[in-house]
Amino acid sequence: MDLHMIIGRNAFYLYRRTNNGFEIEYVDGNSYRHYDTHSIKSDLMNLLETVADTNNLDSTDEIFFTVIENADSVRNKNVEQVLENRVKEKFSVDEILIRAVNSLSQNKDLHINEFGINYDGTSYLYRNGKLEKNSYSLLAYNVGQEKLMEYV
């Protein structure tokens, strides 16, 4: 079973590739699975077991991921340690956000070039070939996980 996982600031978001793009992989009826940074490893193991049970898999070894990393390298490392050889591919969140900013800035009504975008509690502005990170901005355009998946 192949899934895409976004490592959010406080939650894991799972998606399954379909012919039309991506579809949310619901876990216990939710579109995400909350985790605590202090217990991220055990929370991720619980998520794997839940996904395996929900999809009638024999074990968690049958689940493979394309991972969209978090801006926090420590979180990424902790997730990688748990997933081990289950990670087929990784994308930097910055790489995906640059794609999103470039695409969304085509719509001048959104004022992306002036104010940037908000994602996962942080504001991002792409200037002079660099992605600037700032605190959340009320003026920036909000991008959630589903919208982010459009740029994977």
Are Thr60 and Arg86 linked by a side-chain donor-acceptor pair shorter than 3.5 Å?
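Short answer, yes.
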Under the 3.5 angstrom rule, does the side chain of [X] hit a backbone N or O of [Y] as a donor-acceptor pair?
| X | Y | result |
| --- | --- | --- |
| Asn142 | Asn118 | no |
| Asn10 | His34 | no |
| Asn128 | Lys130 | no |
| Ser103 | Arg99 | no |

Identify, with sequence neighbours excluded, every residue that meets side chain to side chain contact (heavy atoms under 4.5 Å, CB included) alongside Asp53.
none
Sequence neighbours excluded, which residues qualify as side chain to side chain contact (heavy atoms under 4.5 Å, CB included) partners of Glu150?
Lys147
List the atom of [X], the atom of [Y], and the distance in Å for their closest heavy-atom pair.
| X | Y | result |
| --- | --- | --- |
| Tyr119 | Tyr124 | O-CE1, 3.7 Å |
| Ser123 | Ala140 | OG-CB, 4.1 Å |
| Leu110 | Leu104 | CD1-O, 3.8 Å |
| Asn70 | Ile7 | ND2-O, 2.9 Å |
| Tyr126 | Leu131 | CD1-N, 3.8 Å |
| Val143 | Leu148 | CG1-N, 4.0 Å |

Are [X] and [Y] connected in the hydrophobic side-chain network, where two residues link if heavy atoms are under 4.5 Å apart?
| X | Y | value |
| --- | --- | --- |
| Val101 | Ile68 | yes |
| Val152 | Ile6 | yes |
| Ile63 | Leu83 | yes |
| Leu125 | Ile112 | no |
| Leu97 | Met5 | no |

Checking one residue: Tyr136. Which other hydrophobic residues are in its cluster under the side-chain 4.5 Å linking rule?
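Direct or chained contacts put Tyr136 with Leu138.
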Co-members of Leu139 in a cluster of I, L, V, M, F, W and Y side chains, linked at under 4.5 Å:
Phe115
Let's go through Thr66 and Arg17 carefully: what are the C-alpha distance in whole Å and the side-chain angles of both, what is the deciding distance for side chain to side chain donor-acceptor pair (under 3.5 Å) to 0.1 Å, and is it a yes or a no?
CA-CA 11 Å; Thr66 297; Arg17 185 177 284 284; over 6 Å; no
Test His4 against Phe22 for side chain to side chain contact (heavy atoms under 4.5 Å, CB included), laying out the working first.
CA-CA 9 Å; His4 283 65; Phe22 292 97; 3.4 Å; yes
What I want to find out is whether Glu25 reaches Arg16 closely enough, with some N-O distance under 4.0 Å, to be called a salt bridge.
yes
Residues Lys88 and Asp2 bridged, charged N to O under 4.0 Å:
yes
Quick one: [atom1] on [X] to [atom2] on [Y], what's the gap to the nearest 0.5 Å?
| X | Y | atom1 | atom2 | answer |
| --- | --- | --- | --- | --- |
| Ile24 | Thr18 | CD1 | OG1 | 11.5 Å |
| Tyr15 | Phe65 | OH | CZ | 14.0 Å |
| His38 | Asp43 | NE2 | CG | 11.5 Å |

Under the side-chain hydrogen bond (donor to acceptor under 3.5 Å, both in side chains) rule, what pairs show up with a residue in residues 71-82, not counting sequence neighbours?
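Passing the test, one end in residues 71-82: Tyr35-Arg75, Lys41-Gln81, Glu80-Lys90.
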Indicate yes or no: at least one non-hydrogen side-chain atom of Leu44 is less than 4.5 angstrom from one of Leu47.
yes
Verdict with supporting geometry, Glu89 and Val67, side chain to side chain contact (heavy atoms under 4.5 Å, CB included):
CA-CA 6 Å; Glu89 192 173 8; Val67 176; over 6 Å; no
Take Ile40 and Val79 through the test side chain to side chain contact (heavy atoms under 4.5 Å, CB included) and record every step on the way to the result.
CA-CA 8 Å; Ile40 191 170; Val79 168; 4.0 Å; yes
Within a 6.0 Å radius of atom OH on Tyr32, are there more than 12 heavy atoms belonging to other residues, nucleotides or ligands?
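It does not: Tyr32 OH has 12 such atoms or fewer within range.
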Got a sec, which residues hit ring-ring contact (aromatic ring centres under 6.0 Å, His included) with Tyr141, two or more places apart in sequence or on another chain?
none
Does Arg33 form a side chain to side chain contact (heavy atoms under 4.5 Å, CB included) with Leu14? I'd like the steps, not just the answer.
CA-CA 9 Å; Arg33 172 61 75 92; Leu14 300 180; over 6 Å; no
